[in-house]
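Comments concern the structure below.
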Amino acid sequence: MKFVIGLLITVLVLAIVAAGLGWWTVHRSFPTLNGAVDVPGLGAEVTVIRDDAGIPQLYAETDHDLFFAQGYVHAQDRFWEMDFRRHVTSGRLAELFGESQVGTDAFIRTLDWRGIAEQEYEALASAPKAYYDAYAEGVNAYLGERSGADLSLEYAVLGLQNPGYSPEPWTGVDSIAWLKAMAWDLRSNLGDEIDRAMLSTALPPEEVARLHPEFPWGTMPTIVGEQPAAAPAGLSSTRLPGDVDASETDAAAASAPVSDYVAALATLRATIDGVPELLGPEGGDIGSNSWVVSGALTESGLPLLANDPHLGPTMPSIWTQMGLHCVEITETCGFDVAGFSFSGLPGIVIGQNASIAWGFTNLGPDVADLYLERLDGDSYELDGALVPLTLREETIEVAGGDPVTITVRSTDRGPIVTDISTDFGEVAAQFPAASGQPDGTYEVSLQWTALTPGTTAGAIFALDRAQDWNGFRAAAALFDVPAQNLIYADVAGNIGYQAPGRIPVRTSGDGTLPVPGWTSENGWSGTIPFDELPSVLNPAAGYIVTANNAAAGPDGPMLTKDWDYGYRAAGIDRLIRERIDSGEKFTVDSLAEIQLDTADANAEAFLPVIASLEVDGDAARGAELLGGWNGDADVDSAQAAYFAVFWRTLLDGMFGELPEAALPQGGDRWFNVVGTLLGEPDAAWWTNEDLGVAGRDAMIANALDAAWKEAEQRMGSNPDSWRWGRLHTLTLTNQSFGESGIAPIEWLFNRGPYELGGGSAIVNAIGWDARFGYAVDWVPSMRMVVDLADRDASRWINLTGASGHAFHANYADQAPLWQRGELLDWPFTREGVEADARDTLTLQPAQAEG
């Protein structure tokens, strides 16, 4: 997301940097970390202890003071990030950055994230509402001390373009609205729904189904239920050659539009993708790994739990580490918890308390559907009758410009999203000709679970205070949007898994394609009851793996047709089984080692095929290089670098004629699609007339040849100097100013590049998008391993650092450690925290005047 900044600002920034006048501006926002600070609103003293990494551990006497202090400390470290996020979630970016952001604001206003958050705040029970209010009081106490560049360097830069801006007070609604951004970025298969519709304009239904295969039931592991006898070594065919699921064929045929519909569908996809990605770009690589092993398998005799959520890389990191501790657990102070939080949101999202530990991966259920609506003026058709649309006006304030007013129209299912732009409206305008429907006005509406008030805002505190499995499940029942896989371990030795979430039951269809909205035969009839969602406690295997793979078998409740295809889950499962079979017990270090595994199942499937080919020239050089490779995508591997170039070249040769927005990203789905085609050497997808190749072997030989030439161009003629890390780099980019297009500003806030191994659908899931190159798009945004036997023996790492202040010592200090796969000690007890203390700050109640 780029923000327009004028030439004058460029000159000013250059002048500031060149003159060395930026030192005071840069450092003036650094927070006070030692001594004592008088803070109005506190009831008693709160102690904030930080270690060398700047990670704060808070100790308070009441819940109010604990969350007050969390708001204060989050504002100390990350207030610009908080302010930016609330402008995104309320559709108010144009207030900061001007006219360029009106379209984004219009989309967010149409979905009404802020309005839903307001309803959720009002519906909170008294205790969680008090926590949100206390948190907001703490943020505002810090805002009472500082303003402008004293808050963060970003305000100095913003002031050059928008000098009149001053942040308003924080509210509980600002915090809850962030949950809508979480839900949007983890919304599951809406992109796949559009993708199928786009592909159906160019392909017959059976080929659309081939490019969106079902989960490989019986081959890849599910989270709950019977597992494969052995984890697959490479790729396995999802179907027999030519076999197509009948329901997918029927659905595609029923909704297949004509070829001139492609541009309109592409516009729809681009508009949706244009919404700011606060967690990461949509795609198969936005997911997570987590697993838990029982005490029967560990050296300590108590469980170990590991988690690494895969999200988009940002500067600062999406997460911020923190501990929230009551000095004594009483009726008025009930928290003793530490882990990963979001700046702007009270509580701990993932972590451990004195009794339990938990982790998240994205469950990925299908919770959003698109409907074609037939309109007549301000009414829409439903079952032959006209129903009035709900109309709502929104005014978007624009920095340096006039306000813009939009009218949001909604059906009972959800908002009309084609009102956002005239181009977006083409999606519906083409529909009559495409489907034989009568002429008229057609629009597209969106039904999405996050557009109905939910209970996740209170679930976080219930998780933080849960003491056992029953308490954990009760908290999980509140975690409705976004639905997550929750893994569990406790000090009594139990391990478990629970899938929560508000997941719709459809009256017809399977949610894979847009459907007509003028009949109630299409729609949602309710949600799956919590007690029917997948769950397991203390499975016989002694471990549980979740990696966005199918939660249960095909006979379980229909949560989605678009699971992750299970390569990461199979890899983790294989590594766990190997250690069990060897008789070795698990430790914190062995779980951390699994997190860094780089075995590439895609490469394992290709290597024997490539070795069997008779090729010459550069293709032969490529085949020879790969012949000695073990398939691990390590950072210093020449073979991994060459194979990535080969894979991207192959995808382009096979699928480059697909609609642009449907081109392969190259992750797990494409591993499955091409892996199946490896067993069909004469399939049409292996033929490209423009390249002059026909058949699998010719296509692979062509890609080997072209990839060698590209690798030489990128990395030099000597393959001994090739490394995957030279291509696969990460630049940590500030979400607001990091893509400004102005080098001095980007230099202020961005860090990197960092060379990395791993890859898409690999356990060390450092993903890349084959449509655009080899740069890193998705990362393990943090890594943690919790030891339930020794609460000070857990380990953790963040992607960047604790601080959101550019040039602060803790701004990017964890990034090199993360890059190398290292973890920091994670003391939980007060004794452990104090032993690692670097800074100690006392927040004390301000004395009343007079």
Side-chain angles (χ1 to χ4, degrees), residues 233-235 598-656 664-667 670-671 673-683 685-688 690-729 755-762 766 768-775:
L235 292 183
T598 61
D600 185 346
N602 192 32
E604 291 175 22
F606 268 96
L607 290 176
V609 177
I610 292 172
S612 70
L613 300 180
E614 294 184 6
V615 291
D616 55 21
D618 287 340
R621 295 184 184 92
E624 181 181 4
L625 178 65
L626 295 177
W629 184 34
N630 63 2
D632 290 350
D634 294 331
V635 64
D636 58 355
S637 170
Q639 294 95 334
Y642 173 67
F643 183 81
V645 180
F646 159 77
W647 174 236
R648 183 168 180 249
T649 304
L650 182 72
L651 291 174
D652 184 61
M654 295 178 69
F655 305 107
Q665 288 180 314
W670 294 99
F671 285 20
V673 168
V674 180
T676 300
L677 288 169
L678 282 175
E680 305 173 43
D682 297 322
W685 290 106
W686 296 112
T687 294
N688 184 319
D690 292 339
L691 295 176
V693 299
R696 182 196 68 183
D697 294 357
M699 178 66 77
I700 292 176
N702 179 80
L704 289 168
D705 180 84
W708 189 270
K709 292 178 172 60
E710 181 182 339
E712 284 189 321
Q713 182 181 19
R714 289 178 176 271
M715 294 180 287
S717 59
N718 181 6
D720 290 340
S721 68
W722 297 355
R723 295 191 320 278
W724 177 215
R726 290 181 62 184
L727 302 179
H728 193 49
T729 61
E755 293 190 357
L756 296 168
S760 300
I762 289 173
I766 301 174
W768 54 286
D769 192 326
R771 295 172 300 176
F772 306 120
Y774 310 99

Are L756 and T729 packed together at the side-chain level, in the sense that at least one heavy-atom pair is separated by less than 4.5 angstrom? no

For the pair W724 (side chain) and G758 (backbone), establish whether a donor and an acceptor sit closer than 3.5 Å, ignoring hydrogens and angles. yes

What residues, two or more places apart in sequence or in another chain, satisfy side chain to side chain contact (heavy atoms under 4.5 Å, CB included) together with D720? N718

Can you list everything that forms a side chain to side chain contact (heavy atoms under 4.5 Å, CB included) with D690? Sequence neighbours excluded, please. E657, N688

Got a sec, which residues hit ring pair (Phe, Tyr, Trp, His ring centres under 6.0 Å) with W722, two or more places apart in sequence or on another chain? W708

Quick one: closest heavy-atom pair of A638 and P719, and the distance? CB-O, 3.5 Å

Just so I know, are the side chains of I700 and L678 near enough to count as touching, which here means a heavy-atom distance under 4.5 Å? yes

Contact check, side chains of V645 and L727, non-hydrogen atoms, under 4.5 Å: yes

What residues, two or more places apart in sequence or in another chain, satisfy salt bridge (charged side-chain N to carboxylate O under 4.0 Å, His left out) together with E755? R723

Atom CD in Q639, atom CG in D600: separation rounded to 0.5 Å? 12.5 Å

Between R726 and S721, is there a donor-acceptor pair closer than 3.5 Å when you use the side chain of the first and the backbone of the second? yes

I need the full list of side-chain hydrogen bond (donor to acceptor under 3.5 Å, both in side chains) pairs touching residues 640-650, with sequence neighbours left out, sorted by first then second residue. none

Partners of T598 by side chain to side chain donor-acceptor pair (under 3.5 Å), sequence neighbours excluded? D634

Is there a side-chain contact between D705 and V615, using heavy atoms and a 4.5 Å cut-off? no

Shortest non-hydrogen separation from D769 to P664 and the atoms involved: OD1-O, 4.4 Å

With distance as the sole test, does H728 use its side chain to make a donor-acceptor pair with the main-chain N or O of A644 at under 3.5 Å? no

Results of side chain to side chain donor-acceptor pair (under 3.5 Å) for W686 - residues two or more places apart only: none

For L651 versus A770, what's the shortest heavy-atom pair and its separation? CD1-CB, 4.0 Å

For R696, check salt bridge (charged side-chain N to carboxylate O under 4.0 Å, His left out) against everything at least two apart and list the hits. none

Can you tell me which residue pairs pass the ring-ring contact (aromatic ring centres under 6.0 Å, His included) test with a partner in residues 619-638, sequence neighbours excluded? W629-F643

Output for pair (D682 CG, L677 CG), nearest 0.5 Å, gives 11.5 Å

Across all chains, not counting sequence neighbours, the side chain to side chain donor-acceptor pair (under 3.5 Å) partners of E710 are R714, Y774

Atom CH2 of W670 and atom OG of S760: how far apart are they, to the nearest 0.5 Å? 13.5 Å

Would you sort out whether V693 and T687 count as a side chain to side chain contact (heavy atoms under 4.5 Å, CB included), showing the intermediate values? CA-CA 6 Å; V693 299; T687 294; over 6 Å; no

Pairs satisfying salt bridge (Lys or Arg N to Asp or Glu O under 4.0 Å), at least one member in residues 610-623, at least two apart: D618-R621, D618-K709

Could you tell me which residues satisfy side chain to side chain donor-acceptor pair (under 3.5 Å) with N630, sequence neighbours excluded, listed by chain and number? D632

Side chain to side chain contact (heavy atoms under 4.5 Å, CB included) between N602 and V674, intermediate numbers included: CA-CA 9 Å; N602 192 32; V674 180; 5.7 Å; no

